[in-house]
Asks: 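I'd like to ask you about the structure that follows.
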Amino acid sequence: MTTMQKLLQLPVNAVNIVKGVQGVTQGQEEALSPVLTPDSGPQNWYSAVQPEELRHLRSGGTGGGGGGGGGEGSEDRSALEEGLNSVQTQPLRHDDLKEMLDSNKDSLKLEAMKRIVAMIARGKNASDLFPAVVKNVACKNIEVKKLVYVYLVRYAEEQQDLALLSISTFQRGLKDPNQLIRASALRVLSSIRVTIIVPIMMLAIKEAASDMSPYVRKTAAHAIPKLHSLDPEQKDQLIEVIEKLLADKTTLVAGSVVMAFEEVCPDRIDLIHKNYRKLCNLLIDVEEWGQVVIINMLTRYARTQFLNPNINESLLEENSEKAFYASDDEEEEDKKAEPATLAKRKPYVMDPDHRLLLRNTKPLLQSRNAAVVMAVAQLYFHLAPKAEVGIIAKALVRLMRSHSEVQYVVLQNVATMSIKRRGMFEPYLKSFYIRSTDPTQIKVLKLEVLTNLANETNISTILREFQTYIKSMDKDFVAASIQAIGRCATNIGEVRDTCLNGLVQLLSNRDELVVAESVVVIKKLLQMQPEQHSDIIKHMAKLIDNIQVPMARASILWLIGEYCEHVPKIAPDVLRKMAKSFTNEEDIVKLQIINLAAKLYLTNSKQSKLLTQYVLNLAKYDQNYDIRDRARFIRQLIVPTDKSGALSKYAKKLFLALKPAPVLESPFKDRDHFQLGSLSHLLNAKAAGYQELPNWPESAPDPSVRNVEIPDWSKCSSRKDRKEKKVEKPFYSDSEGESGPTESADSESDSGSGSASASGSDESGSGSESEESGEETESDEEEEDEEEEKKKRKKLDKTKAKKQAEESAESEQSSSAEDRKRGRKAVKNQKSASESESESESSESEEESEEESEEESESDTNVRKKRTPVLKQPPKQSKKESKKETQEMSLLDLDDYEPAPASASVTPVNFLSSSLVSDLEGLSLTDTILAPTTLAPSGSIKMYELLHRIKGEGLAVEYCFSRQPFSPEPNMVAVQIQFTNNTNSETKNLHIEDPRLQSGMRIREFAEIDVLAAGESVTVVMGIDFCDSTQAANFQLCTHTRKFFVSIQPPVGELMTPAFLTENDFKKEQGKLMGMNEILEKLTLGEKCVNEHVIVERVTATANLSRVPCGSDKECRFAGKTVSSGCLVLVTVTTKEGGGAQLTVNCEKMLIGTMLVKDILQALSQ
Amino acid sequence: MIHSLFLVNASGDIFLEKHWKSVVSRSVCDYFFEALERATEPENVPPVIPTPHHYLINVLRHRIYFVAVIQSEVPPLFVIEFLHRVVDTFQDYFGVCTEAAIKDNVVVVYELLEEMLDNGFPLATESNILKELIKPPTILRTVVNTITGSTNVGEQLPTGQLSVVPWRRTGVKYTNNEAYFDVIEEIDAIIDKSGSTITAEIQGVIDACVKLTGMPDLTLSFMNPRLLDDVSFHPCVRFKRWEAERILSFIPPDGNFRLLSYHVSSQNLVAIPVYVKHNISFREGSSQGRFELTLGPKQTMGKAVESVLVSSQLPRGVLNANLNPSQGTYTFDPVTKLLSWDVGKINPQKLPSLKGSMSLQAGASKPDENPTINIQFKIQQLAISGLKVNRLDMYGEKYKPFKGIKYMTKAGKFQVRT
């Protein structure tokens, strides 16, 4: 028996206890169910067993021939009664759980909660436990708490009043310093569907949307649709939050907020403009699920903002070609567009943003997630120029190896695509061959695709393949194959006869279904050219004796009636036979008999007059009113009476008119008006909440809406700054750079420039609606220059002079292309640089560098290792070189690099050498700050990494707490920062920007470093007032090209400065700081802490304290003051015999005290 | 997005339900049961079933239907892929994904589902993150937990959740540092009656088991990367690096994962390692049929073909089969008409064969369909495409890991038409 069952079962004694109390209830039960076995014992037992279990019993019993007998029957009954019983016995059962929940033992509570969750999982009602459970919402045990949350979310809607009791707990949770707790509080709070707390939720979401932790912000994004579905009136406020979160630059948030956008305000496409480029660029690093949502949304966005990339090609190509890929409405569109376009004759130029989207989604075709691949595929199908769509075929074919459900969906989409773009899948024809082991639905879909792909060249192979399918054991599949053959035959004239012959052969098949299906298909084929095939019709007429499938019989009758002139002898005979069996036929067959009779009457009334009368008379009294109606109607039409009106004159025309041949169409035709990959497409019906894929606009809307202004770096506000980052990224983010027009992602006017200057001016035609049109048409290039210049001014102050001439624009183009290339890699690098907190700055060298540096920046450590020394060697002295080497090593460590003992000895050297460098270069810059050399750090100072060189694109930044007083502001902590430029070009304008600090914290920046030459290091000192907290100081480190988000978090020991006290003073102060302010901790000294000296060393290494003289050699005392507020910190370590020790910390600030105790404990026990 | 999830077992009972938004009555599954009844085979249930107010998207794995209820437009693959991910996670946690395992661990299952979806939108699906949030149940941990009262639930936000390598947790430590890579190739082929190949392609995967301390950065290069035509990567692989140099560079997740799956370009001719000689015939008018099957190695590059298993769905008219295998054992199920023959290893000197007669329903006409023969086999130490790993390097950590690479070729969907 499974543990779950055990869980759910009552302990035996519990049942017994319950029994007494149950007396009354039992009485009721018995009254309710007379069939119930009188013995209540086993019944209790059953009620505890899961119903599934019982159903097994039952099915087993009945399955065995139903011979279970009376005993079994009553068991069945008791199982059926189970539902009733459980309702009645539940309160009793739950008393047990309630007791457990009320106990103060966590383990009991946990056990109870587990049982309750198991009940919920089985779909049992556990709502009456609500009050007992909700009490535990503030339980300390995190697992209990989680399970309570599960319960709460499930039942809060039913018990709104009681649920309110828990709200305050969550509100407290929202303020918790642990981001996980904040997030989960918000999650639960927003999941509780109680309308009364809507305002609280709204507030919580708003607050969380600006939380420090991206995880909490993500949770806020998730909460938005929840609130929206609970109270749609909040929509406007929620849109504001969405707008704010859309601006978020972390990948974690992006997917979730777009999800919220799609659910709350999918029509507010204007919110996307400013974030479009950022989303494109972040895409590759967003988690898979987010990627799907973003790509689907961007597809819609692109359809509203860009021009149809195929508009010109469709014009150039002839109509015959058109049929391949253009649906009717598109053709119409084309026709409309034709005169206009012909008049203007402007070549299509793709919007760079359009290109950006296509380019950034392409790598995702390699995703392991089928949904992502499908999303990219549909994006390409809907948005890409015809020539480029082909790349998705390979990925889609790959998906067909996946689970059958995935295959099913993919094949549906391939079927739709293969109608429009047949060429794309033709190379993969064989991948759609059918195996006998495929599920039927997959087989049918593959057939569909094969049929769509059939053309003159491959039809013979396809038909051969079809032939084997016809022999399959799966009859549904055979029927589908026959239909497929029919469709191939109608589409491809050359093989029509072959197919027809093949199908006729099938008429002698033993399986009736096969024959019937063939008849239906043959009928359709014959309709196309009846004259040549009267023998086939004769053959079929003979078959009518044997075929029973109504549809097939009806088809044969119709054929004979329609072409009775070709078979004048047989037709009346068939009618005779049919008249005999008329009453036994199915309705559709009866209708066709009437038809046949009417047609024969008109062509050959001599032979068939009586028969027709007979049939019509039979039909007159048929049960089906359709048939009665038809008979009456036909009689009036064909049998001339004196009253018969004008119509009978036309009877012949009516019945024997030439019928157009049916067109056998794919059921997937025109399905692509639904966005591919969507549920609506799959079902071929609009699903709730489906957003139509808009048609391409006639002329492109103003593309400048996507521009995000590049603020002046020196004085941008923090808010702007963040936006700036977004602008910048697209700039860097791309790779191929294959085609000119696609290059510049930054401004719309650039678009024309790359595509050869000739077309440049043409392009402006489209933009002529925009305000700046005048200028633009005049000289695209000039403006582009201006644009470039603007950029340049901001970016490359120094190189400005270089570019003014026309040709420079071109070189610019290429360099910016390269820029982008590199940026992409940089993005990649960031990804790859793993956990390393570090951020980086791109060195200026990258701006001008060639292939070499490009490859280098690409995080290939091998290449790097080999190259850098070669490049750097000549100018540097040997010392530098050795340092270089060590840094190469650290590059390999990529992330959470903890200096191992070996490298620890290296670091100081490193440090010193760098300070020498800064002596040479940095002194003049750091006028307000103590010269780094005077800091003279001891060898034991620990370096922390601020920016890893890989993340920083060659710029490595480390920092340490120098423990020197920061002279400009005595209550700041001095942080010494060492920059190393590992690239082979200069980095300029190193400075700090946009500090984001906790309230009260302040930062004193170091002076800007103008130039950091390649391979050089420089050390500066900055001051941070941490307000005696260990909260991190976040800020941006900027170079002339890039910005990196970094943060410095101080260990608690660095928040203090040594204080010099005498022994007496120490004792006096210690006496003041008793009680709450004193923390005592026992510890065992680590093996190496053998003597006083080591202890002193360890403590001072951990915290910036000074030793206080002490009489006893068993005691070490230390004193310090916190830097910011000057509170005393007193530490006493008393050693005891046998390695034991006691640590006492006295400090007014309890938080600092506790943290310090922890750190020192760790240091001493190592 | 995903409203609710119901787990339905093979006998059609709902044994678990989970709701992420307001509760959807389980009666919605009636539509699913209808479809289930209509389907002739369990795998023929349409993956997407529309109902008046909801859409049901289901996935069949391990004889359990995972039925997701959704209410509005969502890409169906999104849901399907997610459901498969759920199954993979369960498998990862409990070793197997069976009804019993899920029932035994119902609380963990519930906690997992709670973490994986928030309001129907996937939240944490990366196994490394989940394992930090909810520890997988082990016997030892259960015992410890009952004694100490500690829990399976992590209190801190998993480091992966915020990091740029969400697939790897920090602070991994092993005493033996090992990295194993299995290159497994599967041959999908259809062979026609005469023995000629209609279609054959090679699909391969590289499964890795990496147990390395810290944050290693691995690169894996191939001798002949051009063979790979189409690839899909684990998110950890740096795409650009592959594009530029055809080198796999990645920071691996901890534990087992699929690094890469690939398709060998169709330009290369696929070596077919086995051939089948068959003669399956039914004579008109007689109630007997002949059955002869001989297997032999073809292009195996000198390696032995092992674990050969032949199966065939015989026509419905066949009542019984009386066959004589030269090696191995065979079974014939008269109900499903499934013949399977466990051959074992093919000895090139003495080819395995299966001969005998089949008895047909008396009086019934000769079945006109021909059974297809499905073959499974394994060839150790061979990647049939010729793909070879050149070298594996590790950067970023100082120790020397133990590296291992194993090749294997298997039959994928290998089918012989008769």
Asks: Report the option among A:Leu147, A:Asn369, A:Leu682, A:Thr251 that has the most heavy-atom pairs separated by less than 4.5 Å from atoms of chain B.
Replies: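 Ranked by contacts with chain B, first place is A:Asn369.
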
Asks: How long is the gap from CG on A:Leu230 to OG on B:Ser22, to the nearest 0.5 Å?
Replies: 9.5 Å

Asks: Of the backbone (N, CA, C, O) and the side chain (C-beta and beyond), which part of B:Tyr110 lies under 4.5 Å from a heavy atom of chain A, both, or neither?
Replies: side chain

Asks: Mind listing the closest non-hydrogen atom pair of B:Pro76 and A:Ser678 along with its distance?
Replies: CD-C, 3.6 Å

Asks: For A:His222 versus B:Pro122, what's the shortest heavy-atom pair and its separation?
Replies: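 In this case the closest contact between A:His222 and B:Pro122 is CE1-O, 4.2 Å.
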
Asks: Not counting sequence neighbours, which residues clear side chain to side chain donor-acceptor pair (under 3.5 Å) with A:Glu465? List them please.
Replies: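 A:Tyr469, B:Arg417.
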
Asks: Are B:Glu41 and A:Pro439 close enough that some pair of their side-chain heavy atoms sits under 4.5 Å apart?
Replies: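 Side chain of B:Glu41 against side chain of A:Pro439, heavy atoms only: no contact under 4.5 Å found.
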
Asks: Side chain from CB out, backbone as N, CA, C, O: work out which of these in A:Gln378 comes under 4.5 Å of a heavy atom of chain B, or both, or neither.
Replies: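 For A:Gln378, there is no contact with chain B at all, as no heavy atom is under 4.5 Å.
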
Asks: Side chain from CB out, backbone as N, CA, C, O: work out which of these in B:Ile198 comes under 4.5 Å of a heavy atom of chain A, or both, or neither.
Replies: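 For B:Ile198, the contact with chain A is made by backbone and side chain together.
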
Asks: Under a plain distance cut-off of 3.5 Å, with no hydrogens placed, do B:Gln415 and A:Ser436 share a side-chain donor-acceptor pair?
Replies: yes

Asks: Below 4.5 Å, heavy-atom pairs only: which of B:Arg316, B:His234, B:Gln313, B:Gln203 has the largest tally toward chain A?
Replies: B:Gln203

Asks: Using non-hydrogen atoms and a 4.5 Å limit, figure out which bit of A:Val373 sits close to chain B: side chain, backbone, both or neither.
Replies: neither

Asks: Could you tell me which portion of A:Glu262 (side chain, backbone, both or neither) has an atom closer than 4.5 angstrom to a non-hydrogen atom of chain B?
Replies: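 A:Glu262 has no heavy atom closer than 4.5 Å to chain B.
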
Asks: Can you see which heavy atom on B:Val23 is nearest to which on A:Arg154, and at what distance?
Replies: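 That closest heavy-atom pairing would be CG2-NH1, 3.1 Å.
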
Asks: Counting heavy-atom pairs closer than 4.5 Å to chain B, which one of A:Thr461, A:Val150, A:Leu676 comes out on top?
Replies: A:Val150

Asks: Tell me the closest heavy-atom pair linking A:Asn296 and B:Pro75, and the distance in Å.
Replies: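 Taking A:Asn296 first and B:Pro75 second, the nearest heavy atoms are ND2-CG, 3.3 Å.
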
Asks: Could you check which of B:Pro371, B:Pro47, B:Ser261, B:Ser72 has the highest count of heavy-atom pairs closer than 4.5 Å to chain A?
Replies: B:Pro47

Asks: Heavy-atom distances under 4.5 Å only: say whether B:Tyr55 touches chain A with side chain, backbone, both or neither.
Replies: side chain

Asks: Answer whether the closest heavy-atom distance between the side chains of A:Arg122 and B:Lys103 falls below 4.5 Å.
Replies: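 Not in contact.
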
Asks: Please confirm whether the backbone N or O of B:His263 pairs with a side-chain atom of A:Arg398, one donor and one acceptor, at under 3.5 Å?
Replies: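 Such a contact is absent between A:Arg398 side chain and B:His263 backbone.
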
Asks: Any salt bridge between A:Lys146 and B:Glu115, counting N to O under 4.0 Å?
Replies: yes

Asks: In terms of side-chain heavy atoms, does B:Glu73 have a donor or acceptor partner in A:Ser680 at a distance below 3.5 Å?
Replies: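 Yes - a donor-acceptor pair under 3.5 Å links their side chains.
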
Asks: With sequence neighbours excluded, what pairs up with B:Lys193 under the salt bridge (charged side-chain N to carboxylate O under 4.0 Å, His left out) test?
Replies: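 By the salt bridge (charged side-chain N to carboxylate O under 4.0 Å, His left out) rule, B:Lys193 matches no residue at all.
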
Asks: Are B:Ile190 and A:Arg435 side-chain neighbours, meaning at least one heavy-atom pair lies under 4.5 Å?
Replies: yes

Asks: What's the separation between atom CG in B:Asn119 and atom CD1 in A:Ile224, rounded to the nearest 0.5 Å?
Replies: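 Here the interatomic distance stands at 11.0 Å.
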
Asks: Roughly how far, to the nearest 0.5 Å, is the OH atom of A:Tyr408 from the CD1 atom of B:Ile80?
Replies: 9.0 Å

Asks: In terms of heavy-atom proximity below 4.5 Å to chain B, should A:Ala395 be classed as side chain, backbone, both, or neither?
Replies: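 A:Ala395 touches chain B through backbone heavy atoms alone.
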
Asks: Assess whether a salt bridge exists between A:Arg401 and B:Glu186, defined as any Lys/Arg side-chain N lying under 4.0 Å from an Asp/Glu carboxylate O.
Replies: yes

Asks: Looking only at non-hydrogen atoms, find the nearest pair between A:Arg368 and B:Pro235 and report the distance.
Replies: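 A:Arg368 and B:Pro235 have their closest heavy atoms at NE-CD, 3.3 Å.
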
Asks: Quick one, A:Leu679 and B:Ile70 - any side-chain contact, counting heavy atoms below 4.5 Å?
Replies: yes

Asks: Can you say whether A:Val293 sits under 4.5 Å from chain B via the side chain, the backbone, both, or neither, judging by heavy atoms?
Replies: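 It is the side chain, since no backbone atom gets that close.
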
Asks: Enter the distance from A:Ser229:OG to B:Gln71:CD here, rounded to the nearest 0.5 Å.
Replies: 9.5 Å

Asks: Report the distance from atom CD1 of B:Ile49 to atom CG of A:Leu683, rounding to the nearest 0.5 Å.
Replies: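 The CG atom of A:Leu683 is 10.5 Å from CD1 of B:Ile49, to the nearest 0.5 Å.
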
Asks: For residues A:Glu405 and B:His84, is any side-chain donor paired with an opposing acceptor at under 3.5 Å?
Replies: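 Yes, because at least one side-chain N or O of A:Glu405 sits under 3.5 Å from a partner of the opposite role on B:His84.
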
Asks: Name the member of A:Gln412, A:Arg187, A:Met259, A:Glu287 that forms the most heavy-atom pairs with chain B at distances under 4.5 Å.
Replies: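 Sorted descending by pairs with chain B, the first entry is A:Arg187.
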
Asks: Pick one of side chain, backbone, both or neither for B:Ala189, based on which atoms fall under 4.5 Å of a heavy atom in chain A.
Replies: backbone

Asks: Under 4.5 Å heavy-atom distance to chain A, tell me which part of B:Arg258 shows up: side chain, backbone, both or neither.
Replies: neither

Asks: Among A:Ala370, A:Ser402, A:Gly255, A:Gly689, single out the residue with the greatest number of heavy-atom pairs under 4.5 Å to chain B.
Replies: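 Of the candidates given, the most pairs with chain B belong to A:Ala370.
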
Asks: Among A:Met374, A:Glu157, A:His403, which residue forms the greatest number of heavy-atom pairs with chain B at distances under 4.5 Å?
Replies: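 Highest number of heavy-atom pairs under 4.5 Å: A:His403.
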
Asks: Could you tell me which portion of B:Asp192 (side chain, backbone, both or neither) has an atom closer than 4.5 angstrom to a non-hydrogen atom of chain A?
Replies: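 For B:Asp192, no heavy atom lies under 4.5 Å from chain A.
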
Asks: By a 4.5 Å heavy-atom criterion (distance strictly below it), what part of A:Leu429 contacts chain B: side chain, backbone, both, or neither?
Replies: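 Interface part for A:Leu429: neither.
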
Asks: Side chain, backbone, both or neither: which part of B:Met394 has a non-hydrogen atom closer than 4.5 Å to chain A?
Replies: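 For B:Met394, no heavy atom lies under 4.5 Å from chain A.
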
Asks: Chain A heavy atoms under 4.5 Å from B:Ile373: which part of the residue, side chain, backbone, both or neither?
Replies: neither

Asks: Out of B:Leu113, B:Ile57, B:Val74, return the one with the most heavy atom pairs under 4.5 angstrom to chain A.
Replies: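 Sorted descending by pairs with chain A, the first entry is B:Val74.
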
Asks: In terms of heavy-atom pairs under 4.5 Å, which option from A:Lys430, A:Gln441, A:Arg193 contacts chain B the most?
Replies: A:Gln441

Asks: Measuring from atom CD1 of A:Ile442 to atom CD of B:Glu43, what distance do you get when rounded to the nearest 0.5 angstrom?
Replies: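 The distance works out to 10.0 Å.
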
Asks: Considering only heavy atoms, which portion of B:Val45 lies under 4.5 Å from any heavy atom of chain A: side chain, backbone, both, or neither?
Replies: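 The backbone, not the side chain.
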
Asks: Answer with side chain, backbone, both or neither: which region of A:Val406 has an atom nearer than 4.5 Å to a non-hydrogen atom of chain B?
Replies: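 Backbone plus side chain of A:Val406, per the 4.5 Å heavy-atom cut-off to chain B.
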
Asks: Under 6.0 Å between ring centres, would you say that holds for B:Phe121 and A:Trp289?
Replies: no

Asks: Give the minimum heavy-atom separation between B:Asp118 and A:Lys226, together with the two atoms involved.
Replies: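 Looking at all heavy atoms of both residues, the shortest contact is OD1-NZ, 2.8 Å.
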
Asks: Is A:Lys394 salt-bridged to B:Asp230, cutoff N-O under 4.0 Å?
Replies: no

Asks: Is there a side-chain contact (heavy atoms from CB on, under 4.5 Å) between B:Leu77 and A:Val410? Walk through the geometry before answering.
Replies: CA-CA 8 Å; B:Leu77 270 186; A:Val410 172; 4.1 Å; yes

Asks: Looking at side-chain heavy atoms only, is the closest gap between A:Ser431 and B:Thr199 below 4.5 Å?
Replies: no

